[in-house]
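So you know, we letter chains A, B, ... as the sequences are listed, proteins then strands, and number each from 1.
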There are 2 protein chains.
Amino acid sequence: MHKAAPAGAAEQPMEGVARITRMTLHEAVLNQLRDMIIEGKLPPGMRINEGQVGASLGVSRTPLREAIKTLASEGLVEILPAKGAVVRRFSEGDIAEILAVLKVLEQAAARLACGRAPEAEIAAIADLHARMMQLYESGDRLAYFKLNQAIHSAIVRASGNATLAQTHEQLQARIRRIRFVGNEKPERWAGAVAEHEEMIAALVARDGDRLVEVLGRHLDQTMERVRDAVL
Amino acid sequence: MHKAAPAGAAEQPMEGVARITRMTLHEAVLNQLRDMIIEGKLPPGMRINEGQVGASLGVSRTPLREAIKTLASEGLVEILPAKGAVVRRFSEGDIAEILAVLKVLEQAAARLACGRAPEAEIAAIADLHARMMQLYESGDRLAYFKLNQAIHSAIVRASGNATLAQTHEQLQARIRRIRFVGNEKPERWAGAVAEHEEMIAALVARDGDRLVEVLGRHLDQTMERVRDAVL
DNA sequence: TTTCTGTATTCTGCATACAGTAGTTCGGGG
DNA sequence: CCCCGAACTACTGTATGCAGAATACAGAAA
């Protein structure tokens with residue numbers, strides 16, 4: 001007495017038909033707040049007044065609070081009981097800690113990616129890099145920056161370990177703002193670009209050891225770049 | 001006209017005096033739900049009915065929902081829009097991914113801990129281990145299990161990198177339940193204990209390379225132990 | 001009997017209302 | 001003039017109410 005179309009049939013949409021996915025309000029608010037923190041519209045140390053922020057987003061406090069709880073779990077805000085949420089401020093030590101973990105994660109991902117990432121995925125990353133280089137030439141810092149982050153994320157995703165990628169993404173989000181304001185100085189920028197060139201070369205050659213080495217160097221340098229941006 | 005006691009004085013409590021920390025309701029609910037998931041009272045795949053669970057905890061839906069959002073961010077539940085939250089079910093692949101990341105994190109922490117952890121902290125871990133061995137002898141599985149997790153966490157904390165520790169803790173929470181039901185078989189258990197002996201020896205000797213090696217082996221074995229517990 | 005469709009019920013998502021607490025201001029006393 | 005205290009204000013924490021979506025159910029048609 002089995003059915004031809006099992007209960008899970010709804011999960012198999014007709015091919016070529018995109019699934020409709022509505023976004024819940026707290027999710028939209030979450031993304032919006034994250035962006036606002038990263039872009040500095042909500043600077044570190046600022047208290048998030050629920051009434052005020054909610055009104056400016058045109059949302060009641062309920063979904064806003066739910067989003068804030070998620071941000072707290074992600075480490076982007078701190079919740080002080082009975083006092084509300086404040087945008088978290090990262091000390092130089094915090095940043096060093098985060099970069100140290102990112103380094104470990106990216107290096108582990110690098111080995112995996114060199115070993116088992118499909119050729120197409122590596123090609124796609126190389127393509128991202130090429131586009132990023134164009135942006136470097138044209139001096140479009142914002143777009144460059146975003147693509148830069150995307151490349152790091154893509155490398156980690158190429159490991160095939162989604163948990164690794166998600167963990168990396170979450171930590172990267174914490175310091176995104178810092179890096180955003182960071183790469184100011186031209187000479188620093190040039191150095192970072194050179195390291196990226198090496199990274200892609202190693203990845204395309206599937207040279208895990210070399211990629212690990214370059215990534216390590218790149219992230220150590222990132223700490224330096226961030227340091228004199230913060231000070 | 002500066003004050004002798006600056007505004008931040010409230011953040012410097014008298015030493016030896018524990019700060020009073022009231023727990024907000026959503027925080028209490030969060031901890032409770034986490035425990036319920038880990039202990040299997042909320043088994044994987046179960047839908048969390050807000051009205052029902054809220055009533056049984058004696059809490060309204062608002063703090064409950066906030067707690068659920070945090071659990072989702074931690075990866076313990078999944079939120080299906082307009083359908084509610086379900087306790088996340090981890091496939092064997094998911095577990096392998098998580099253990100792979102835990103391995104990387106613990107190994108990185110191991111090197112740091114061997115290099116710069118204070119002697120007292122290492123001694124404290126060794127002490128934990130000794131107590132765990134007693135529990136092993138007496139066959140108290142539950143207490144053994146908890147102390148086991150605590151040791152792994154303590155080693156990571158000994159790295160001095162709080163971000164690393166927090167990241168590790170969060171991932172560990174995801175598979176805590178699996179490991180909880182996992183270590184059934186006596187021969188497996190004995191193997192795990194032997195590995196722990198080695199780990200502590202390496203840590204006390206501050207032999208980073210050896211600790212990394214043992215930890216790697218231990219977590220690979222953990223995958224095996226979990227595998228035949230799940231199947 | 002089986003399948004499809006219309007309806008009822010249940011539950012989530014969001015908004016609002018209420019209660020309690022921290023911060024602030026103003027008045028009085030030393 | 002400074003310090004202390006009490007009332008006030010503003011905001012967070014929690015509960016409840018309401019609208020809409022998803023599921024379950026029942027009836028009709030093939």
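- Between Trp189(A) and Tyr144(A), the two ring planes are perpendicular [angle over 60°; tilted spans 30° to 60°].
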Revision key, fill the gap. For nucleotides 8-15 of chain C, 5' to 3', base contacts (B), sugar-phosphate-only contacts (S) and non-contacts (-) with protein non-hydrogen atoms under 4.0 Å give ---SBBSB

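- Side-chain contact between Arg225(B) and Thr222(B) is present, with heavy atoms from C-beta onward closer than 4.5 Å.
- At least one donor-acceptor pair closer than 3.5 Å links the side chain of Glu97(B) to the backbone N or O of Ala162(A).
- When side chains are defined from C-beta on, Arg188(B) counts as touching Glu224(B), because their heavy atoms get closer than 4.5 Å.
- His196(A) and His129(A) have parallel rings, their planes meeting at less than 30° on a 0 to 90° scale where 60° marks the start of perpendicular.
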